[in-house]
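All remarks here apply to the structure that follows.
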Amino acid sequence: MAEKNEAVESDQNVAVTVTELKEELRRIVQSIVEDSSSIDEEDEVRFTERVQKANEILQDLRVLIEGRKPNNGGTTTSSSMASCPQEFVCPLSNKLMRDPVIISSGQTYDRYMIQQWLKSEKRTCPKTEEVLTHTILTPNHLIKELITQWCKDNNVELPKQSDENPLIKADRAHLIDQISKLSATLSDQKEAARRLRSLTRTSSSFRALFGESDEYIRQLVIPLSVFKPESEIDDELQEDLITILLNISIHESNKKLVAETPRVILVLIDALRSKKVETRCNAAATLFTLSVIDSNKALIGEAGALKPLFELLEEGQPLAIHDVASAIFKLCMAHENRSRAVKFGAVKVVFKKIANRVHVEESLPILDMLSNNRRAIEEMHDFGAVSVLIALMKESSSEQEKENCIATLYNICYNDRTKWKELRDEEKAYKILSELVQNGTKRAKRKAGELRDRVCGSVNRTHTT
């Protein structure tokens, strides 16, 4: 009797929740309809948020209503489901899994549910909160076979595949329609590119759609992949398409796919030489975003992106300098890219800026990174790096700049014993190392402390005690 009362109370609670959700959905849909006829670009973000909220309510209603429906087949019983092994239940839906897949954390989820999780730009395991190293979904054939057998043994009907949300279907259809226009006339291409730029800027779910197939990305860059003289490239179209690549690359699940799609990196490299500053900035920002993944660093470096990036750094366009420097720094984390950068004359470009006190904040981290390369250190010697960096440490009030200076000096001095005397004299006269040991960042304190011990002659004593 108590169980029956609890069941009735549960049904009543669900009914109240369904009613409340329906009323909230009605209000949101009404506001969407009223605003859609006069929406402008400034309202697009708010409009998209309302559409996404309506989508979430629809999902919640579907779950609640399906949970209240009586079983039509007469085969599934509550007692059967109560004995269902927990390993067969998706942690996201709390339902029997239809298509179990394994993610990089080792956890198993129903394919549809984890796909929705990833499309919302979440890069962690829902259960363990572990950051995912990749978003590849591996079928869990063993669990699927066990679920099938358990359903047969317990007279339970296999769950039906979840229906895709109609809003996602509509977005996909719109994406395909706009993508197809990129193979049409120039006016159609420009119109489609403007629309896709706006959608990928405001909607994370729309960005996620590009990750479903490399064909979408391949078609996106077709207008820029056909060989044309530079004078024939439409500047506005190029800027819009490069910006779309930047927008979709922000989505974690798209980074690898975007970089590995043929011609994409070459298109970005071409855009680094565009006449429009905005295009060059966004191309550099895209390369930076893609280089978060180690395998992408190698692809971008091999394709030849470092040379035009250093050319842009040398040019020193204020609007582009941050994106360019960030892309170079990230790419040079890969050992092979540091070697490529040095080959392209990177040390000269960077050191000239530092010596002239131009874009020092952006250039010092790159010099710090390059100082891990022996050939780069040899070139730094030729430019009188030690005296320049010591002078900068005296002048600068930035803790980060001082950290980059001392880290670079550390690598230089430990590769060339002739530089110890110059550093020792500076320490005796100005206590530059001692000051950093007292007031520097954690990394600066460590580097300065080791250098001070060495120049003060205490290293040998430390090693023999």
Donor-acceptor pair between T243 and N282 side chains, under 3.5 angstrom: yes

Polar side chain donor-acceptor pair, R374 to N415, under 3.5 angstrom: yes

Nearest heavy-atom neighbours spanning S105 and C125: OG-SG, 3.1 Å

R218 and E215: CA distance, side-chain angles, deciding distance, salt bridge (Lys or Arg N to Asp or Glu O under 4.0 Å) verdict: CA-CA 5 Å; R218 190 189 68 80; E215 185 62 21; 2.5 Å; yes

C332 to A341 - nearest heavy-atom pair and separation: SG-CB, 4.0 Å

Any Q115 side-chain heavy atom under 4.5 Å of V101 side chain: no

All side-chain hydrogen bond (donor to acceptor under 3.5 Å, both in side chains) counterparts of S295, not counting sequence neighbours: K256

No-hydrogen, no-angle side-chain donor-acceptor test under 3.5 Å, S398 and E361: no

Which pairs of donor and acceptor atoms, one on a side chain in residues 298-316, lie under 3.5 Å apart (sequence neighbours left out)?
| unit_1 | atom_1 | unit_2 | atom_2 | d |
| --- | --- | --- | --- | --- |
| K307 | NZ | E311 | OE2 | 2.9 |
| E315 | OE2 | R280 | NH2 | 3.2 |

For the student: nearest non-hydrogen atoms of F206 and D171, plus distance: CE1-O, 3.6 Å

Sub-6.0 Å ring centroid separation between Y112 and W117: no

Considering all heavy atoms, the nearest V292-K297 contact: O-NZ, 3.7 Å

List, one per line, each side-chain donor-acceptor pair under 3.5 Å for residues 433-446, sequence neighbours excluded.
| unit_1 | atom_1 | unit_2 | atom_2 | d |
| --- | --- | --- | --- | --- |
| S434 | OG | E427 | OE2 | 2.6 |
| S434 | OG | R452 | NH1 | 3.4 |
| E435 | OE2 | N439 | ND2 | 3.2 |
| T441 | OG1 | E403 | OE1 | 2.7 |
| T441 | OG1 | A444 | N | 3.2 |
| R443 | NH1 | D368 | OD2 | 2.9 |
| R443 | NH1 | E403 | OE2 | 3.1 |
| R443 | NH2 | D368 | OD1 | 3.3 |
| R443 | NH2 | D368 | OD2 | 3.2 |

Flag if over 12 foreign heavy atoms under 6.0 Å of NZ, K127: no

